[in-house]
Asks: 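First, the structure itself, so that you have it in front of you.
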Amino acid sequence: MRLTEYSEHARPVEIQHNRGWFAELEQRMNKNGPWDDWTLYKLAYEAEQAKLVTSFDELQCLSYLAHLQPMRHQIETAVKVLHEMRGRAILADEVGLGKTIEAGLILKEYMVRGLVRKALILVPASLVLQWVRELNQKFGIAAVAQKKEYTWHYDVVVASMDTAKRDPHKQLLLSKEYDMLIVDEAHKLKNKKTTNYQFINQLHKKYCLLLTATPVQNDLDELYNLITLLKPGQLGGQGEFVANFVVDKRMPKNEEQLQRELSKVMIRNRRSDGNIGFTKRYVKNVPLTLSPEEQSLYDGVTQFVKERYRESGGDLANMLSLLTLQREVCSSRNAVFLTLHNLSKRMAEDSPVHAKIWSLIHKIKDIKANTKAEKALELVREMNEKVIIFTEYRATQDYLLQFFRSQNMIAVPYSGGMNRGKKDWMMDLFRGRAQVMIATEAGGEGINLQFCHHMINFDLPWNPMRVEQRIGRVHRLGQTNDVKIYNLSTLGTIEEHILNLLHEKINMFELVIGELDVILERFEQDDSLEKRLYKMMLESNSDDELRAQVDSLGQSLNQIVTSVGQSREAR
């Protein structure tokens, strides 16, 4: 057996083990003071042994994780970032596959290897404490949430992007050198003209991880900006990138070459790749018949919006506020009332449009009940388990909170306007006491609700990806129950057609998840699905005509679904 002794110059010297020599050494060391103890020497030796990297290819950090068993795709991602991407990567897994775990593994590995000491993690405000808990509990990383000025000086700091980019914090951070920077929800960096992009670009960082489930949303320029932020020059200059890879802003060319370049900086794990265990999801569509008063309000708002569209000469760009009105009327009278009231303030009181707005407001006063809310309450009582209800509108959220409380049902809100502390408080109440959480779209971003497996879509977004992102809050790794999703849909309204398109035509809820974004990318090369639906709704002269147009749209989508499925089987 051979041991290592350290000379005064810290050079290891091999020494031969024999019992008599050890006894003499121990006696001699004990004469040199209390710190020259044989036990301390053995501890130092064991510490040095523990620090040895026995294999460069294996993750050393796995032996330090007492409370986490990473999945294979997460380990493979960490290894690839470490060895092939040199610590600079876009982690673009689909919602629910554990990008946070992958980032934690990579950070821990670099820390174990002594390559990272100072790390800055920038996330949405609502996720700060969630990141801190996960890093502390799962990885043993002493991360702190930024609260006061002095906390910026800790080794591993988690902070909100909005706080970090403002002075005086910004100037302090730009003066520091970080071994690793991690940015969650990095799709917010894709416009290089924004302060977010410019701030991240100016930070001094050796390694960098950008996390996003949606690396491409609108056009290829955004993807170029994101990759240039991470590795300048990877795709060449802007002109070179356009010449080599872009037909127009939505359509790439030389796709195989582009994919090869992307694979050098981006990892995207999909649920359809297999070897990733998810519980099942069950979807139930709940059709509802509006009361005569609710139907009258819907018809009146629809007619009002179409008249304004015709008056504008078919200018969709100036119709966004009115299109919001059309969507709100399917949600609740409370949501549509606020928009109508605000519109009336911008009109001359003696104008015909002002009069029409107030005739609609009078229709609202005739509505005594909310068909959707009553059905949601009935479903919640039948479940008798925790359920999250998603709505797009704060006014609907406020109404539902009051309605549930009036029925002796404990419900808590969760919205984007809440500060970090209140969001955590609401989450704790939902986990511990309340049966129902009512969340808005902005509030639901990034939250993990594996302890809940029931979800109600009180109103449906017109963008299928946003529907999937909602579902991803509960149907994700760590969910042990099958997930049940209920879609409320009012008959005789645009909602009926949207649900028919998503469920019957493209079978969205049962798709192998991860193909949805591919389908939409192929379909939306000219206009987004939302914009096409808007135009159909505004230009149709009857419900039958609208149904026929949506059916035609669905057939086009279905052809792409079939093509994507065939491509998957061929791989």
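It should be emphasised that the depicted structure is a prediction, and the values quoted were computed from it without experimental measurement.
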Asks: Decide yes or no on side chain to side chain contact (heavy atoms under 4.5 Å, CB included) for Leu65 and Leu105, but give the supporting numbers first.
Replies: CA-CA 9 Å; Leu65 307 180; Leu105 277 174; 3.6 Å; yes
Asks: Once rounded to the nearest 0.5 Å, what's the spacing between atom NZ of Lys99 and atom CD of Glu185?
Replies: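 It comes to 7.5 Å.
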Asks: Side chains of Glu294 and Thr371: do they bring a donor and an acceptor to under 3.5 Å?
Replies: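 Side-chain D/A pair, Glu294 to Thr371: present.
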Asks: Rounded to the nearest 0.5 Å, what separation is found between the NZ atom of Lys422 and the OG atom of Ser415?
Replies: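 Result: 7.5 Å between the selected atoms.
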Asks: Do other residues, nucleotides or ligands put more than 12 heavy atoms under 6.0 Å from the CZ atom of Arg86?
Replies: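 Count not over threshold, so no.
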Asks: Taking the side chain as every heavy atom from C-beta outward, state whether Glu374 and Leu377 have any atom pair closer than 4.5 Å.
Replies: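 Counting from C-beta outward, Glu374 and Leu377 never come under 4.5 Å.
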Asks: Which heavy-atom pair separates Arg405 from Pro413 by the least distance, and what is that distance?
Replies: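 Distance-wise, the nearest heavy atoms are NH2-CD, 4.4 Å.
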Asks: For Ala119 versus Tyr178, what's the shortest heavy-atom pair and its separation?
Replies: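 Looks like C-CD2, 4.0 Å.
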Asks: I'd like to know if the side chain of Asp93 reaches the main chain of Asn269, judged simply by a donor and an acceptor atom lying under 3.5 Å from each other, with no hydrogens or angles considered.
Replies: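 Flag set: sc Asp93 to bb Asn269 pair under 3.5 Å.
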Asks: Does the side chain to side chain contact (heavy atoms under 4.5 Å, CB included) test come out yes or no for Ile200 and Leu122, once each step is laid out?
Replies: CA-CA 10 Å; Ile200 296 300; Leu122 299 177; 3.6 Å; yes
Asks: Is it the case that Thr396 and Ser332 place a side-chain donor and acceptor less than 3.5 Å from each other?
Replies: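 Yes.
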Asks: Can you confirm whether more than 12 heavy atoms, excluding those of Gln69, are under 6.0 Å from its CD atom?
Replies: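 No, not enclosed.
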Asks: Could you give the distance from NZ (Lys190) to CG (Leu226), rounded to the nearest 0.5 Å?
Replies: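 It comes to 7.0 Å.
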Asks: Any non-hydrogen side-chain atom of Ile389 less than 4.5 Å from a side-chain atom of Phe404?
Replies: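 Touching, per the 4.5 Å side-chain cut-off.
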Asks: For Ala439 versus Gln397, what's the shortest heavy-atom pair and its separation?
Replies: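 What the structure gives for the nearest pair is CA-NE2, 4.1 Å.
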Asks: Side-chain contact test, heavy atoms from C-beta onward, threshold under 4.5 Å: evaluate it for Lys375 versus Tyr486 and give yes or no.
Replies: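 The answer is no; the side chains never approach within 4.5 Å.
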Asks: Would a distance-only check, ignoring hydrogens and angles, find a side-chain to backbone donor-acceptor pair under 3.5 Å from Arg88 to Leu230?
Replies: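 Indeed, once roles are kept as given, a pair shorter than 3.5 Å links the two residues.
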Asks: Working to the nearest 0.5 angstrom, can you tell me the gap between Asn481 CG and Thr279 OG1?
Replies: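 So the CG of Asn481 and the OG1 of Thr279 are separated by 7.5 Å.
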Asks: Does some side-chain heavy atom of Leu120 sit less than 4.5 Å from a side-chain heavy atom of Lys176?
Replies: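 Result no, sub-4.5 Å side-chain heavy-atom pair not found.
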Asks: Any sub-3.5 Å donor-acceptor pair from Asn201's side-chain atoms to Tyr197's backbone N or O?
Replies: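 No, the answer is negative, given that no donor and acceptor are paired below the 3.5 Å cut-off.
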Asks: Are more than 12 heavy atoms, taken from residues, nucleotides or ligands other than His67, located less than 6.0 Å from that residue's NE2 atom?
Replies: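 Count not over threshold, so no.
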Asks: What residue among Gln435, Glu385, Lys484 forms side-chain hydrogen bond (donor to acceptor under 3.5 Å, both in side chains) with His454?
Replies: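 For His454, the side-chain hydrogen bond (donor to acceptor under 3.5 Å, both in side chains) check succeeds only for Glu385.
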Asks: Do Ile494 and Trp462 come within less than 4.5 Å of each other through their side chains, counting heavy atoms only?
Replies: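 Yes - at least one pair of side-chain heavy atoms lies under 4.5 Å apart.
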Asks: Does Lys372 qualify as a cation-pi partner of Phe458, given the criterion of NZ or CZ under 6.0 Å from the six-membered ring centre and within 45 degrees of its axis?
Replies: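 Yes.
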Asks: Would you call Glu261-Lys264 a salt bridge at under 4.0 Å N-O?
Replies: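 Yes.
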Asks: Name the one of Asp459, Asp398, Asn457 that satisfies side-chain hydrogen bond (donor to acceptor under 3.5 Å, both in side chains) with Thr391?
Replies: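 In the set Asp459, Asp398, Asn457, the residue that makes a side-chain hydrogen bond (donor to acceptor under 3.5 Å, both in side chains) with Thr391 is Asp459.
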Asks: Given Val156 and Met111, is the side chain to side chain contact (heavy atoms under 4.5 Å, CB included) satisfied, shown in steps?
Replies: CA-CA 11 Å; Val156 181; Met111 294 179 79; 4.0 Å; yes
Asks: Does Arg333 reach the main-chain N or O of Ala369 with its side chain, forming a donor-acceptor pair under 3.5 Å?
Replies: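 Checked: no pair found.
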Asks: With distance as the sole criterion, is a donor-acceptor pair present between the side chains of Glu495 and Thr490 under 3.5 Å?
Replies: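 Side chains of Glu495 and Thr490: pair found under 3.5 Å.
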Asks: Please state whether the rings of Tyr399 and Phe403 are parallel, tilted or perpendicular, taking 30° and 60° as the class boundaries.
Replies: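 Parallel.
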Asks: For the backbone of Cys61 and the side chain of Glu109, can you confirm whether one donor and one acceptor N or O come within less than 3.5 Å of each other?
Replies: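 Yes: the side chain of Glu109 pairs with the backbone of Cys61.
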Asks: I'd like to know if the side chain of Thr151 and the backbone of Lys148 have a donor-acceptor N/O pair within less than 3.5 Å.
Replies: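 Flag set: sc Thr151 to bb Lys148 pair under 3.5 Å.
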Asks: Might you point out which heavy atoms bring Trp152 and Ala159 nearest each other, and give the distance in Å?
Replies: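 Taking Trp152 first and Ala159 second, the nearest heavy atoms are CH2-CB, 3.5 Å.
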Asks: Go through the side-chain N and O atoms of Thr100 and Glu134 and say whether any donor and acceptor fall under 3.5 Å apart.
Replies: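 Not at all, the side chains of Thr100 and Glu134 share no donor-acceptor pair under 3.5 Å.
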Asks: State whether the side chain of Asp179 and the backbone N or O of Arg117 hold a donor-acceptor pair below 3.5 Å, judged by distance alone.
Replies: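 Side chain of Asp179 to backbone of Arg117, a donor-acceptor pair under 3.5 Å: yes, one is there.
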Asks: Go through it in stages, so that I can follow the logic: the residues are Phe390 and Arg466, the test is side chain to side chain contact (heavy atoms under 4.5 Å, CB included), and I'd like the CA-CA distance, side-chain angles, deciding distance and then a yes or no.
Replies: CA-CA 11 Å; Phe390 271 106; Arg466 287 173 55 205; over 6 Å; no
Asks: Is the CZ atom of Phe199 crowded by more than 12 outside heavy atoms at less than 6.0 Å?
Replies: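 It does: Phe199 CZ has more than 12 such atoms within range.
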Asks: I need the minimum non-hydrogen distance between Ala376 and Leu488, along with the two atoms involved.
Replies: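 That closest heavy-atom pairing would be CB-CD1, 4.3 Å.
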Asks: Side-chain contact, heavy-atom cut-off 4.5 Å: Met180 with Leu209?
Replies: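 Side-chain contact under 4.5 Å: yes.
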Asks: Identify whether the distance between the nearest side-chain nitrogen and carboxylate oxygen of Glu76 and Lys80 falls below 4.0 Å.
Replies: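 Result for this pair is no, no salt bridge flagged.
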Asks: Between the main-chain N or O of Gln450 and the side-chain N or O of Gln479, is there a donor-acceptor pair closer than 3.5 Å?
Replies: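 Yes, Gln479 side chain to Gln450 backbone: donor-acceptor pair under 3.5 Å.
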Asks: Assess, by modelled atom type and distance only, whether the side chains of Arg133 and Gln130 contain a donor and an acceptor separated by less than 3.5 Å.
Replies: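 Their side chains do not contain a donor-acceptor pair, so the 3.5 Å distance test is not met.
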Asks: In Å and rounded to the nearest 0.5 Å, what is the CE to CG distance from Met437 to Leu429?
Replies: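 So the gap between those two atoms works out to 8.5 Å.
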Asks: Honestly, is Lys386 close enough over Phe430, meaning NZ or CZ under 6.0 Å from the six-membered ring centre and within 45° of the axis?
Replies: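 Cation-pi check for Lys386 and Phe430: passes.
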Asks: Would you say the side chain of Leu59 lies within less than 4.5 Å of the side chain of Val79, judging by non-hydrogen atoms?
Replies: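 The answer is yes; the side chains approach within 4.5 Å.
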Asks: Show the nearest heavy-atom pair for residues Leu135 and Gly104, with the distance to one decimal.
Replies: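 Minimum heavy-atom contact is CD2-CA, 4.2 Å.
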Asks: Are side-chain heavy atoms of Trp425 and Met418 found at a separation under 4.5 Å?
Replies: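 The answer is no, as the side chains (C-beta and beyond) never meet within the 4.5 Å cut-off.
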Asks: How many angstroms lie between CD1 in Ile141 and CD1 in Ile121, if you round to the nearest 0.5 Å?
Replies: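 The CD1 atom of Ile121 is 7.0 Å from CD1 of Ile141, to the nearest 0.5 Å.
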